[in-house]
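Residues: numbered from 1 along the sequence shown. All values derive from a computational prediction rather than experimental measurement.
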Amino acid sequence: MSWCCVYAQIVDVITITLWIVLPIIAIIVCLKIAAGRARRLSDDTLVFGLFHPYCNAGGGGERVLWITVKSLIEKYRDCKCVIYTGDVDASPEEIVYKVKERFNIDIKLDNIEFIYLRRRWLIESKYYPIFTLAAQSLSSMILGWEAMSLCVPDVFIDTMGYAFTFPIARYIFNIKLIISYIHYPTISTDMLESVNLSAFNNRKIIANNPILSWIKLLYYKLFARCYGYMGRCCHVAMVNSTWTKNHIDSIWRITSVLVYPPCSNAPFTVLELNNSRTLYNIVSVAQFRAEKNHSLQLRVFSSFLASIPESHRYLYRLTLIGGCRDEIDRSRVDSLKLESLSLGIDDSVEFCINMEFNELLSRINESIIGLHTMNNEHFGIGIVEFMAAGLIPLVHNSGGPRSDIVCFDTEVDRCGYLADTVDSYVKCLHEIVDLEDSEKLKIQMNARSRAALFDDDKFCFKFIEVVDSLIEHPGIIKDL
């Protein structure tokens with residue numbers, strides 16, 4: 001090969017590289033210039049920016065958000081908490097009213113500002129039938145850019161797990177402190193191992209095709225590598241369970257801080273432990289999302305009713321309580337109602353949507369078993385609330401519920417039941433129903449004692465301890 005050919009190839013490589021690199025550099029420069037013009041509050045005010053696009057959803061993650069906001073305001077009394085939300089149809093007054101009704105948390109608007117995001121639709125999964133994780137994550141960068149371009153905080157706190165916003169905060173907006181509280185890793189090592197299995201997020205055509213499974217596994221591995229890079233852009237990561245910690249530490253290659261989520265036990269612990277009911281109400285409290293697997297609850301209940309004499313079936317009832325975020329969730333509830341009809345149990349099943357807190361307490365007080373069916377649930381605040389209320393929890397044998405919540409060494413210490421198939425759930429239901437009242441009471445008391453390990457005060461103390469270690473008074477962020 002002549003030197004001319006080699007020279008020509010080198011020129012081609014340089015040209016192609018410049019065509020790729022120069023536009024990227026130009027985009028970064030433009031973003032940096034625009035970021036410099038973004039609104040910043042007074043230099044004298046410590047501003048916490050909390051990125052939570054679904055702050056009005058009413059789930060366990062939202063409870064963590066509002067306890068976080070309350071603890072920050074109580075610790076740093078002159079601070080400002082900016083909430084980045086896509087709930088453009090709800091006013092600040094309506095949002096804090098719902099927080100009070102759903103979580104029994106009083107939030108004052110004096111130290112709070114809501115920044116409404118118009119591009120939240122970009123992170124909705126319905127727009128990405130394929131490569132959903134990557135598309136949502138990349139779209140979150142755009143949403144994060146929109147949020148911080150409207151107001152640049154001193155401290156950026158992500159409470160929904162959008163790790164791809166971290167480099168935007170750190171390198172484009174030069175935010176000095178980035179904190180993440182992770183409920184659930186966007187991708188986990190379990191997901192890498194389950195590509196060949198059918199699941200709510202894995203189509204059968206992929207699970208049954210070795211070539212498509214290989215492609216999806218490669219995609220997951222590449223995404224996991226990118227997810228790790230993005231995660232390491234934050235200064236400190238807090239996680240809500242041992243299960244989440246193990247996955248985050250592995251993928252992000254960091255040492256995260258375990259901070260159990262806040263659980264409002266007080267309103268539940270005052271409920272009376274009562275085993276003298278003639279009717280058995282089984283209750284489930286979970287947002288109507290696909291991964292919560294309400295369908296399994298219906299199938300378990302149907303199999304249980306089929307296993308007992310027909311004359312006794314009227315004694316049992318299943319109540320599904322949960323929040324709906326959007327039309328997809330509401331459509332899912334409609335599908336579940338049709339499924340209960342097809343199973344012939346619709347007369348014994350009740351769906352309660354977006355229930356207020358006092359009514360929730362009343363329904364739980366009428367129940368004796370708390371049912372949970374999500375595989376690899378990150379933690380399970382609802383399970384802790386079951387236990388604090390004195391219900392006997394019957395939960396999925398995986399994730400945080402197994403590693404952190406329903407834990408016992410001997411039958412004497414039993415605080416609940418674990419299952420993972422229809423048959424094992426039905427078996428546990430029979431065991432619970434057949435218990436003597438004294439045996440039920442012992443499990444209920446153990447459950448309530450176990451729930452006391454998780455509460456609002458413990459979360460606030462640990463969370464503020466981590467944040468305060470990174471902030472010098474009066475509100476000066478340490479060099480990291």
Open item on the list: Test salt bridge (charged side-chain N to carboxylate O under 4.0 Å, His left out) on Asp154 and Lys80; report intermediate values, then the result.
Closed with: CA-CA 10 Å; Asp154 298 303; Lys80 174 75 81 172; over 6 Å; no
Task: Set of residues satisfying salt bridge (Lys or Arg N to Asp or Glu O under 4.0 Å) with respect to Arg299, sequence neighbours excluded - done: none
- [ ] Kindly say whether His183 contributes a backbone atom to a donor-acceptor pair with the side chain of His378 at under 3.5 angstrom?
- [x] yes
Task: Ring geometry between Phe51 and Phe156 (parallel below 30°, tilted from 30 to 60°, perpendicular above 60°) - done: tilted
Task: Summary of salt bridge (Lys or Arg N to Asp or Glu O under 4.0 Å) pairs that have at least one residue in residues 95-104, sequence neighbours excluded - done: Lys100-Asp106
Task: is_close_aromatic(Tyr181, Phe379), centroid dist under 6.0 Å - done: no
TODO: Sequence neighbours left out, what pairs pass salt bridge (Lys or Arg N to Asp or Glu O under 4.0 Å) with at least one residue falling in residues 136-148?
DONE: Arg119-Glu146
Task: CG/Asp413: more than 12 non-hydrogen atoms of other groups inside 6.0 Å - done: yes
Open item on the list: Keeping Thr165 on the side-chain end and Tyr162 on the backbone end, is there a donor-acceptor pair under 3.5 Å?
Closed with: yes
Open item on the list: To the closest 0.5 Å, what do you measure between OH (Tyr219) and CD1 (Ile215)?
Closed with: 13.0 Å
- [ ] Could you tell me whether the side chains of Asn293 and Thr373 share a donor-acceptor contact shorter than 3.5 Å?
- [x] no
Task: Any Pro167 side-chain heavy atom under 4.5 Å of Ile172 side chain - done: no
Open item on the list: Tell me whether the rings of Trp145 and Phe173 are parallel (<30°), tilted (30 to 60°) or perpendicular (>60°).
Closed with: tilted
- [ ] State whether the side chain of Arg120 and the backbone N or O of Thr85 hold a donor-acceptor pair below 3.5 Å, judged by distance alone.
- [x] no
- [ ] May I ask you to check whether Tyr128 and Ser139 show a side-chain donor-acceptor distance below 3.5 Å?
- [x] yes
- [ ] Report yes if some heavy atom in the side chain of Phe164 is under 4.5 Å from a heavy atom in the side chain of Tyr227; otherwise report no.
- [x] yes
Open item on the list: Rounded at 0.5 Å granularity, tell me how far CD1 in Ile182 sits from OG1 in Thr186.
Closed with: 8.5 Å
Open item on the list: Contact between His372 and Pro393 at the side-chain level, heavy atoms closer than 4.5 Å - yes or no?
Closed with: no
Open item on the list: Looking at Ala134, is its backbone amide N or carbonyl O close enough to the side chain of Ser137 to form a donor-acceptor pair, meaning the two atoms are under 3.5 Å apart?
Closed with: no
Open item on the list: Which label fits Tyr127 and Trp121: parallel for a plane angle under 30°, tilted from 30 to 60°, or perpendicular past 60°?
Closed with: perpendicular
Open item on the list: Pairing donors with acceptors under 3.5 angstrom, does anything connect the side chains of Asn376 and Tyr184?
Closed with: no
Open item on the list: Under 4.0 Å between a side-chain nitrogen and a carboxylate oxygen: does that hold for Asp110 and Arg77?
Closed with: no
TODO: Measure from the side-chain N and O atoms of Asp87 to the backbone N and O of Asn56, and report whether any donor-acceptor pair falls under 3.5 Å.
DONE: yes
Open item on the list: Within the structure provided, determine whether Leu109 and Phe114 are in side-chain contact (heavy-atom separation under 4.5 Å).
Closed with: yes
- [ ] Would you check if the side chain of Asp249 reaches a backbone N or O of Ser256 as a donor-acceptor pair within less than 3.5 Å?
- [x] yes
Task: Side-chain donor or acceptor of Ser403 paired with backbone N/O of Gly399 under 3.5 Å - done: yes
Open item on the list: Between Leu143 and Tyr84, is there a side-chain heavy-atom distance shorter than 4.5 Å?
Closed with: no
Open item on the list: Using modelled atom types and a 3.5 Å cut-off, is there a donor and acceptor pairing between side-chain atoms of Gln136 and backbone atoms of Ile123?
Closed with: yes
TODO: Check whether any side-chain heavy atom of Leu418 lies under 4.5 Å from a side-chain heavy atom of Val395, and answer yes or no.
DONE: yes
Open item on the list: Less than 4.5 Å apart, side chain to side chain, heavy atoms only: is that true for Thr68 and Phe48?
Closed with: no
Open item on the list: Side chains of Thr159 and His52: any donor to acceptor distance under 3.5 Å?
Closed with: yes
Task: Check: Arg414 main-chain N/O paired with Asn446 side-chain donor or acceptor under 3.5 Å - done: yes
TODO: Kindly indicate whether the side chain of Tyr116, heavy atoms from C-beta on, has any atom under 4.5 Å from the side chain of Leu150.
DONE: no
Open item on the list: To the closest 0.5 Å, what do you measure between CD (Gln297) and CG (Leu371)?
Closed with: 4.5 Å
Task: Side-chain (Glu62) to main-chain (Gly59) donor-acceptor, under 3.5 angstrom - done: yes
Task: Asn265: which of Pro267, Pro262, Cys263 passes side-chain contact (heavy atoms from CB on, under 4.5 Å) - done: Cys263
